There are 2 protein chains.
Amino acid sequence: MVKSKETESHIHDAARSVFLAKGYDGARMQEIADEAGINKALLHYYFRSKDKLFESIFQEAFSKIVPQLFTLLTGSFTLREKLGGFIENYIRVIAENPFVPGFILHEMNRNPDRIVSMLSASGIQPAMILGALSQELEKNNVYVPDPRHLIVNLLALCLFPFAGRPIIQGFLFGGDKEAYEVFLSERAEIIKEFVFKSLGI
Amino acid sequence: MVKSKETESHIHDAARSVFLAKGYDGARMQEIADEAGINKALLHYYFRSKDKLFESIFQEAFSKIVPQLFTLLTGSFTLREKLGGFIENYIRVIAENPFVPGFILHEMNRNPDRIVSMLSASGIQPAMILGALSQELEKNNVYVPDPRHLIVNLLALCLFPFAGRPIIQGFLFGGDKEAYEVFLSERAEIIKEFVFKSLGI
DNA sequence: AGTATCTTTGACCACTTGGTTAAACCAAAT
DNA sequence: ATTTGGTTTAACCAAGTGGTCAAAGATACT
């Protein structure tokens, strides 16, 4: 009883690390059990099936990364503050969960319907975010043909350095891990400057 | 003999479609055989193992997407032409192979060493590209603290809309496939404007 | 102590997986 | 017509897969 909660969280930790690293198809229940230091049967005692366990991990990952979109709306005064706050916040959250972007990017391809239903279940209203952003841009006399491109640009600039780490680190940094970490730590400032200049704000 | 080449390309086509859609771990040799309209044993007759077959597909995908980086160097006169040419060219190539970015992004995590060795085997010199880009920026009086950020920005802006299609299409376009295709067709122009403005050129 | 409930395990199962093999097939050369 | 070479197949195999089960350990309550 006391121990059960602990075991459950051990399992969850193990499952997270294995699923995030290898994806659903590449993950093995035995490996998760090993990493949790328990028997494979106990895995099924706590989470009835691989799907159930995966679903739990996926939801957790999803909830870490997607609701952050709301920070695009937080009540800052200037457009710069709003966008800058979003970028800083988003980069910080992802830096704490660096494997989540790649994980979700891959897994949503295996089941695109789920991501759609999770988005609607999360209560996020794209029209609302989009509307608020449009209004804010207008107020600041920033003309963009379609604010959706701006949102995609923001997401791309924030997420890609994490999702594509192996290539970038290998190609531009000769595999130097520390150098790439420095690079990542500079990203928020770089992106802010990049975006602000392109919007003329 | 005549037929063998044809069969081999059928297999290759089938393997490409299955591997790109499901990744190495999610792909099944039986499914590839089915899609190629042949027996599973014949698969092993042409490509000795799943690994061999996969390697062939991965190399093909890699060669489609990575060497395009060289277009950053092509002999255009202005910086705008160079960057604009790269963006247009890259978007066009990816649009023809829309599943390649997500595929590589995922598979390189399963085997980061391979991507490193493939990069060096491809003869691409990061220092050369980086140096040429730096020089060009300087010549145009564009100051950027680190040109690597610019390269990552370019790649992010071009690749992410394809790799992250399900989320974006689901979230910003209500799942409307046609609307998203229009959106994608606008990307090259949008990215060019976005980048040029941010660089002040 | 005894017992009822939850937790943990080793052994096991049905099924799928990548891969093999021996034989059949088939076109071209003799 | 027979041989020869590459091509194709059905049947098969060992290893691994997710999942189950009955029994053994704990734990708390009476």
Side-chain angles (χ1 to χ4, degrees), chain A residues 1-61 103 106-111 113-114, chain B residues 1-61 103 106-111 113-114:
Chain A
M1 267 184 180
V2 178
K3 214 171 179 185
S4 83
K5 270 268 178 266
E6 206 179 310
T7 308
E8 185 169 334
S9 89
H10 280 160
I11 293 177
H12 213 263
D13 290 347
R16 187 187 310 115
S17 107
V18 173
F19 275 132
L20 288 214
K22 312 206 167 179
Y24 179 87
D25 291 320
R28 296 286 164 255
M29 293 298 268
Q30 186 61 60
E31 190 181 349
I32 295 174
D34 290 347
E35 189 151 329
I38 57 157
N39 191 284
K40 191 174 55 136
L42 200 55
L43 223 55
H44 288 85
Y45 177 73
Y46 280 90
F47 300 84
R48 276 206 291 277
S49 67
K50 186 181 183 183
D51 283 271
K52 290 269 199 325
L53 181 53
F54 176 80
E55 207 61 32
S56 166
I57 300 299
F58 187 85
Q59 289 225 6
E60 184 194 59
F103 173 70
H106 174 67
E107 290 304 331
M108 80 193 172
N109 271 307
R110 216 173 44 85
N111 193 347
D113 293 338
R114 174 177 45 206
Chain B
M1 271 186 176
V2 180
K3 211 171 180 186
S4 81
K5 270 271 178 259
E6 206 179 310
T7 307
E8 186 170 333
S9 90
H10 280 161
I11 293 178
H12 213 265
D13 290 346
R16 187 187 310 116
S17 106
V18 172
F19 275 131
L20 287 214
K22 314 207 165 176
Y24 180 88
D25 291 321
R28 297 287 163 255
M29 292 298 267
Q30 186 60 59
E31 190 182 348
I32 295 174
D34 290 347
E35 189 150 330
I38 56 157
N39 191 284
K40 190 175 55 138
L42 200 56
L43 222 55
H44 289 84
Y45 177 73
Y46 280 91
F47 300 84
R48 277 206 290 275
S49 68
K50 187 183 183 181
D51 283 271
K52 288 270 197 327
L53 183 52
F54 176 80
E55 207 62 33
S56 167
I57 300 299
F58 187 85
Q59 290 226 6
E60 184 194 60
F103 172 72
H106 174 67
E107 291 303 331
M108 80 193 171
N109 271 307
R110 216 172 44 86
N111 193 348
D113 293 339
R114 173 177 45 206

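In what follows, every chain begins at residue 1, and chains take the letters A, B, ... in the order their sequences are listed. For clarity, every value in this text was computed on a predicted model and none was experimentally measured.
- Residues of residues 21-37 of chain A having a heavy atom closer than 4.0 Å to DNA chain D, listed by number: Ala27(A), Arg28(A), Met29(A).
- In this structure, Glu8(B) places its CD atom 9 Å from P of dT7(D), rounding to the nearest Å.
- If you check dT7(D), dT9(C), dG18(C) against the side chain of Leu42(B), the one that comes closest is dT7(D).
- Checking Tyr45(B) against Ser49(A), the closest nucleotide of DNA chain D that is more toward the 5' end is the one next to Tyr45(B).
- Residue Thr7(B) places no side-chain N or O under 4.0 Å from the OP1 or OP2 atom of dT7(D).
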Tabulate protein N/O versus nucleotide N/O from nucleotides 20-26 of chain D, keeping only pairs under 3.5 Å, one per line.
none

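- With sequence neighbours excluded, no residue forms a side-chain hydrogen bond (donor to acceptor under 3.5 Å, both in side chains) with Arg28(B).
- In this structure Ser49(B) satisfies the side-chain hydrogen bond (donor to acceptor under 3.5 Å, both in side chains) test with no other residue, sequence neighbours excluded.
- Arg114(B) meets the salt bridge (charged side-chain N to carboxylate O under 4.0 Å, His left out) test with Glu55(B); sequence neighbours excluded.
- For Gln59(A), the side-chain contact (heavy atoms from CB on, under 4.5 Å) test picks out Met118(A), with sequence neighbours left out.
- Side chain of Glu35(A) to backbone of Val18(A): no donor-acceptor contact under 3.5 angstrom is found.
- Listed by chain and number, the residues in a ring pair (Phe, Tyr, Trp, His ring centres under 6.0 Å) with Phe103(B) are Phe54(B), Phe58(B) (sequence neighbours excluded).
- For the pair Asp51(A) CG and dT17(D) P, the computed distance is 16 Å after rounding to whole Å.
- Residues satisfying the side-chain hydrogen bond (donor to acceptor under 3.5 Å, both in side chains) test with Asp34(A), not counting sequence neighbours, are Gln30(A).
- Distance, Ile38(A) CD1 to dT9(C) P: 7 Å, rounded to whole Å.
- Listed by chain and number, the residues in a side-chain hydrogen bond (donor to acceptor under 3.5 Å, both in side chains) with Lys22(A) are Glu31(A) (sequence neighbours excluded).
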